[in-house]
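When reading the values below, keep in mind they use all heavy atoms of this one structure, side chains included, and skip hydrogens, waters and symmetry mates.
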Amino acid sequence: MSVTRFSPAGLQPHTPYHHVAVATGSRHVHVSGQIARLGDGSPVAPGDLAGQVAQVLRNTGRALAGADASFQDVVRLTFYVTDWTPDKIGPFMAGIESVVEELGLPWPLPPASLIGVDHLFEPDVLVELEATAVSQNG
């Protein structure tokens with residue numbers, strides 16, 4: 001396995017992600033911000049944060065697969081969510097949890113950040129996800 005994830009003692013407990021990832025491999029894979037769009041560009045789950053989170057994870061999985069990598073190789077996730085307020089954590093986490101098995105997401109997740117932003121590039125986009133992976137493949 002090219003990635004080992006862990007949370008050292010003394011860091012915030014009970015997070016849905018590990019605090020540290022150590023990767024050994026020869027290929028760095030950087031996935032650009034993925035949004036809730038299908039391959040033809042049509043929007044998925046307008047106005048539904050959980051649905052959009054699930055779709056950005058699906059799209060990120062497709063991008064990783066295209067680089068002969070998977071979520072098992074991911075060392076960092078960065079989520080950008082529009083108009084963030086703490087009460088959105090429920091729908092946000094529901095979106096992740098809805099695709100854990102489908103996508104083979106590691107749980108807890110790799111190290112992750114959730115950044116609240118005023119808006120993204122189009123008004124219907126509620127969430128965008130960037131990923132970094134290190135793979136031995138290729």
key: Any S32 side-chain heavy atom under 4.5 Å of H30 side chain   = no
ask   = Do the side chains of I96 and L57 get nearer than 4.5 Å, heavy atoms only?
value = yes
N/O donor-acceptor pairs under 3.5 Å from side chains in residues 6-21, not counting sequence neighbours:
{"unit_1": "S7", "atom_1": "OG", "unit_2": "H19", "atom_2": "N", "d": "3.1"}
{"unit_1": "T15", "atom_1": "OG1", "unit_2": "Y17", "atom_2": "O", "d": "2.7"}
{"unit_1": "H19", "atom_1": "NE2", "unit_2": "Q12", "atom_2": "O", "d": "2.8"}

remark   = The side chain to side chain donor-acceptor pair (under 3.5 Å) partners of R37 (sequence neighbours excluded) come to E122, D124
request  = Return the minimal non-hydrogen interatomic distance between D83 and K88, and the atom names on each side.
outcome  = O-NZ, 2.7 Å
All ring-ring contact (aromatic ring centres under 6.0 Å, His included) counterparts of F71, not counting sequence neighbours = none
message = What verdict does the side chain to side chain contact (heavy atoms under 4.5 Å, CB included) test give for L38 and V44, after you've listed the backbone C-alpha separation in whole Å, the side-chain angles of each residue and the deciding distance to 0.1 Å?
response = CA-CA 7 Å; L38 296 177; V44 174; 3.6 Å; yes
remark   = From the list V81, L129, V127, side chain to side chain contact (heavy atoms under 4.5 Å, CB included) with V53 holds only for V127
task = Please report the closest heavy-atom contact between A23 and V75, naming both atoms and the distance.
result = CB-CG1, 3.5 Å
query = What salt bridge (Lys or Arg N to Asp or Glu O under 4.0 Å) pairs are there with at least one residue in residues 52-66, not counting sequence neighbours?
reply = R58-E102
request  = Go through the structure and list residues passing side chain to side chain donor-acceptor pair (under 3.5 Å) with D118, not counting sequence neighbours.
outcome  = none
key: S98 versus A54, closest heavy-atom pair with distance   = OG-CB, 3.7 Å
message = Taking A69's backbone N and O only, do any of them form a donor-acceptor pair with R27's side chain (distance below 3.5 Å, no angle check)?
response = no
note = OG1 (T82) and NE2 (H119) are apart, to the nearest 0.5 Å, by 10.0 Å
query = Is there side-chain contact between T24 and Q136, with at least one heavy-atom pair below 4.5 Å?
reply = yes
ask   = Listed by chain and number, what are the side chain to side chain contact (heavy atoms under 4.5 Å, CB included) partners of A131, not counting sequence neighbours?
value = V31, T60, L77
request  = Tell me, please, which residues at least two apart from T78 pass side chain to side chain donor-acceptor pair (under 3.5 Å).
outcome  = none
inquiry  = The test is side chain to side chain contact (heavy atoms under 4.5 Å, CB included); show your working for L126 and W84 and say whether it passes.
reply    = CA-CA 9 Å; L126 303 178; W84 179 258; over 6 Å; no
Show me the donor-acceptor pairs within less than 3.5 Å that the side chains of residues 104-117 make with the rest of the protein, sequence neighbours left out.
{"unit_1": "S113", "atom_1": "OG", "unit_2": "R76", "atom_2": "NH2", "d": "2.4"}

query = Does the side chain of V29 reach to within under 4.5 Å of the side chain of D73, using non-hydrogen atoms?
reply = no
ask   = Between V56 and V100, is there a shared hydrophobic cluster once you connect ILVMFWY residues whose side-chain heavy atoms come closer than 4.5 Å?
value = yes
key: Set of ring-ring contact (aromatic ring centres under 6.0 Å, His included) partners for F92, sequence neighbours left out   = F79
query = Tell me the salt bridge (Lys or Arg N to Asp or Glu O under 4.0 Å) pairs involving residues 106-116, sequence neighbours left out?
reply = none
Of all pairs that satisfy salt bridge (Lys or Arg N to Asp or Glu O under 4.0 Å), the ones with a partner from residues 6-21, not counting sequence neighbours = none
task = Hey, could you give me each pair passing side chain to side chain donor-acceptor pair (under 3.5 Å) that has a residue in residues 44-55? Not counting sequence neighbours.
result = Q55-N59
